[in-house]
Amino acid sequence: MTYILGSDHAGLKLGNFVKMYLESKGFEVIDYLPQNDIKVDYPDFAKKVCKEVLNIKNSKGVLICGTGLGMSIAANRYSGIRATLCLDAYMGKMARAHNDANVLCLAERISGIGEVESILEAFIHTDFEGGRHGCRIAKIEDLN
Ligand code: RB5
């Protein structure tokens, strides 16, 4: 599994932590983190990450901004991307089990490092349950 990682300036500190954490667990990480903390626009980074997730087989994305909200809105504009803002481990687990999320959105201004570790662990180690949830995902792709 390759993780594609991006943030804006408000998610950069947490982004650096997530990069280190995922690499320490043996995952390949491609990062689109900003080079410094100068203010940037989160949709630019959501775009880079989502395009890579759609291009690279066996990959998932992690997007971080201040609240995780802007990144979620931007990422979900892409067909085939299912981005979920997760604020605790239960959300991290259910995002995978029921929603087959392929982009995890995190909130640097809300979530502490310990909480983020538990969210990442739940997200990484939970498989999609399929079945009735698969039909619902298909319906999402049919919207519009
Ligand atoms: C940046 O100030 C902030 O608006 C952004 O990181 C994010 O929280 C937007 O949803």
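For clarity, every value in this text was computed on a predicted model and none was experimentally measured. Remember, it's 1-based here, ligands and their atoms both numbered in the order they're listed.
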* To do: Please write down residue, atom name and distance for the protein heavy atom closest to atom 9 (C) of ligand 1.
  => Y42 CE2, 3.5 Å

* Which is it for K39 and ligand 1 at heavy atoms under 4.0 Å: side chain, backbone, both or neither? -> neither

* Could you tell me whether the side chain of F27 reaches within less than 4.5 Å of the side chain of T2, counting heavy atoms only? => no

* To do: Around atom 7 (C) of ligand 1, find the nearest protein heavy atom and jot down its residue, atom name and distance.
  => C65 SG, 3.4 Å

* Rounded to the nearest 0.5 Å, how far does CD1 of I4 lie from CG of N55? -> 9.0 Å

* Shortest protein heavy-atom distance from atom 6 (O) of ligand 1, along with the residue and atom involved -> D8 OD2, 2.6 Å

* Give the contacting part of T67 toward ligand 1: side chain, backbone, both or neither, where contact means a heavy-atom distance below 4.0 Å. => both

* Structure fact -> When distances are taken from atom 10 (O) of ligand 1, the protein heavy atom at minimum range is G70 N, 2.8 Å

* Do any pairs count as a salt bridge (Lys or Arg N to Asp or Glu O under 4.0 Å) and have a residue in residues 14-41, sequence neighbours left out, and if so which ones? -> K19-D31

* Structure fact -> One finds that the ligand 1 atoms under 4.0 Å from a non-hydrogen atom of A10 are 6 (O)

* Pairs touching residues 84-113 that satisfy salt bridge (Lys or Arg N to Asp or Glu O under 4.0 Å), sequence neighbours left out -> R82-D100, R96-D100

* **Side chains of I124 and L22 in contact at under 4.5 Å (non-hydrogen atoms)** => yes

* To do: Determine whether F45 and V53 fall in the same hydrophobic cluster, where Ile, Leu, Val, Met, Phe, Trp and Tyr are linked whenever their side-chain heavy atoms lie under 4.5 Å apart.
  => yes

* Asked: Does even one non-hydrogen atom of R109 get within less than 4.0 Å of ligand 1?
  -> yes

* What atoms of ligand 1 come within less than 4.0 Å of a heavy atom belonging to G66? -> 5 (C), 6 (O), 7 (C), 8 (O)

* Nearest heavy atoms of G70 and T67, plus distance in Å -> N-OG1, 4.2 Å

* Asked: Heavy atoms of the protein only: does one fall short of 4.0 Å from atom 4 (O) of ligand 1?
  -> no

